[in-house]
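Everything numeric in this text was worked out from a predicted model, so none of it was measured. Naming: A, B, ... by sequence-line order, numbering from 1 per chain.
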Amino acid sequence: MIELRNICKSFNGHKVLDDLNLKIETGESMVIIGRSGCGKSVTLKHIIGIMEPDAGSVLVDNINVTKLNGQDLKKFRMNFGMLFQGGALFDSLSVLENVGFQLFEYSDLSLGEIRKRVAECLAMVGLSGIENAKPAELSGGMKKRVALARAICMSPEIILFDEPTTGIDPIMGDVINDLIRRLHDTLKTTSITVTHDMKSAYKIADKIAMLYNKKIIAVGTPDEIKNSDNPVIRQFVTGSAVGPITGY
Amino acid sequence: MLSFARKVSIDSWRFTLNKIKKFFIYAGALAILLARSIFWIFASRARKFQILDQMNKIGVSSFPIIFLISLFTGMVLALQSAYQMQKVSAEMYIASLVSLSLTRELGPVLTALIVAGRCGAAITAELGTMRVTEQVEALETLSTDPVEYLVVPRFIALLVMVPLLTICADFFGIVGGYLIGVGKLNISHAMYIKMTYTPLAIKDLVTGLIKSLSFAGIICLVSCFEGLNSEGGAEGVGRATTASVVKSFVLIIVADCFFTALFYFIMR
């Protein structure tokens, strides 16, 4: 289970998260929704320990992530895979080296075995035969899928998705949504997705949490969120310009 | 009037203190990066391919520009010194002046400035782009320390290649001086060679190489630090690259002054 307790985080005096609390059960697909710039990605980065909270704690299977450092943090992150918004593939490395990065770094597998595992992961995301390509030669959708293959290469227990459908066309977005859901079901992982795309959220989520005004204001199933009476949630899920959420 | 003067005085003191504080914070951050780099040199596995790749980018690719600049600097040095030396009929000392100036001072400093401008800027731009496109964060999520993976190979490559390029710059600078001395100033070949090597001692070469090692460290630390701390998209990377070159140049000149004074008092 992942638990965020009373998380506070500020950047240059500007508070982004204030007393944020969230629980994610093992094997669950949780989607965190909220407006752009409301702190969704920051929340995700706290879970994997890239960012430290100013106050509060992050517990993953009762391990306090904020107390980890050095080798313990390295080992802890082996249980995670993360898909970044822009893919964050390493420009100087080929697809093979990107997807098999951790295998090259931390396993004793031979090159042949790594090639085989990379080919398996690429096949899972619907790509094959592009091992020697460089990220610059790939389209936006392909980059996201290669990044997804990299995220699942070490068979992690928890996968984090940061805006998986941002910046790609709606059809490719739906392909990515299907992939995320399928990988979650087949690999039996805990998934946490951050998005402002409601179509994506409904498709991926077991549960949806709404981040607003620096806090999680509601957690529920997609149906509960869709039919919520809360005016903030209603405005967000319907994408209306009129309501309590004002433009800024 | 008096209170205005006092206010200006207090503001300027506050400004100066703030600048001094910022300098020490920056120096502290570089010291931490140096300590982490040294730790990872011993703690991580040797990344031979990456180190060789960086050596190629830093050393082999910089060689043509080092060759050209040092050759012409040697020539200019010979011509400028001839301007004065001929007045006192001491042309034969031009060779000694060129060789000593190059090995003790110009070779290490010119090489470091060229490498800082050419490779330091490239390192900052590369790491800065990685930072703003979340590749550095991706490295962390893949259980890899960015200092171990990105800084250490560049650190080792610079520590090896900058002194080697310095030796090349010394040699080609001397060749440039020789071409002018023998070709234009009518100093005999034998006399020029003799006057080049007679005043040269091992300590001259060694002090130059010690300087070049310290310059290599400065280039690596400043360019990597600026790159890894870039923010604000393409504009931020541009700002970081400019800052990297300017700060490297200033620190190289300051370190040169420090080491010259140190060697002067230790080895005189």
K211(B)/E105(B) under salt bridge (charged side-chain N to carboxylate O under 4.0 Å, His left out): CA gap, chis, key distance, verdict: CA-CA 9 Å; K211(B) 279 183 183 179; E105(B) 189 66 34; 2.9 Å; yes
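Proximity of a side-chain donor or acceptor of S244(B) to a complementary backbone N or O of A240(B) within less than 3.5 Å is not detected. With hydrogens and angles disregarded, a donor-acceptor distance shorter than 3.5 Å links the side chain of S12(B) to the backbone of S9(B).
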Suppose we count any N or O donor within 3.5 Å of an acceptor, strictly below that value; which pairs fall between chain B and chain A?
unit_1, atom_1, unit_2, atom_2, d
R45(B), NH2, E105(A), OE2, 3.0
R47(B), NH1, E105(A), OE1, 3.0
R47(B), NH1, E105(A), OE2, 2.8
R47(B), NH2, E105(A), OE1, 3.0
E134(B), OE2, K45(A), NZ, 3.3
Q135(B), OE1, D91(A), N, 3.3
Q135(B), NE2, D91(A), OD2, 3.0
E137(B), OE1, K45(A), NZ, 3.1
E140(B), O, R77(A), NH1, 3.3
L142(B), O, Q102(A), NE2, 3.3
S143(B), O, Y106(A), OH, 2.4
S143(B), OG, K74(A), O, 2.9
T144(B), OG1, Y106(A), OH, 3.0
E148(B), OE1, K74(A), NZ, 3.4

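For F104(A), there are no ring pair (Phe, Tyr, Trp, His ring centres under 6.0 Å) partners at least two apart in sequence or on another chain. Qualifying ring pair (Phe, Tyr, Trp, His ring centres under 6.0 Å) partners for F172(B), counting only residues two or more places apart in sequence or in other chains: F63(B), F67(B).
Heavy atoms from other residues, nucleotides or ligands lying under 6.0 Å from CZ of F171(B) number 12 at most.
At a 4.5 Å heavy-atom cutoff, the contact between F101(A) and chain B is made by side-chain atoms alone. Neither the backbone nor the side chain of L83(A) comes within less than 4.5 Å of any heavy atom in chain B. Of the two parts of L160(A), neither the backbone nor the side chain holds a non-hydrogen atom closer than 4.5 Å to a non-hydrogen atom of chain B. The parts of M78(A) that come within reach of chain B are both its backbone and its side chain, each placing non-hydrogen atoms under 4.5 angstrom from that chain.
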List, one per line, each side-chain donor-acceptor pair under 3.5 Å for residues 216-223 of chain B, sequence neighbours excluded.
unit_1, atom_1, unit_2, atom_2, d
S223(B), OG, I219(B), O, 2.6
S223(B), OG, C220(B), O, 3.3

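Rounding to the nearest 0.5 angstrom, the gap separating the CD1 atom in I192(A) from the CD1 atom in I24(A) is 3.5 Å.
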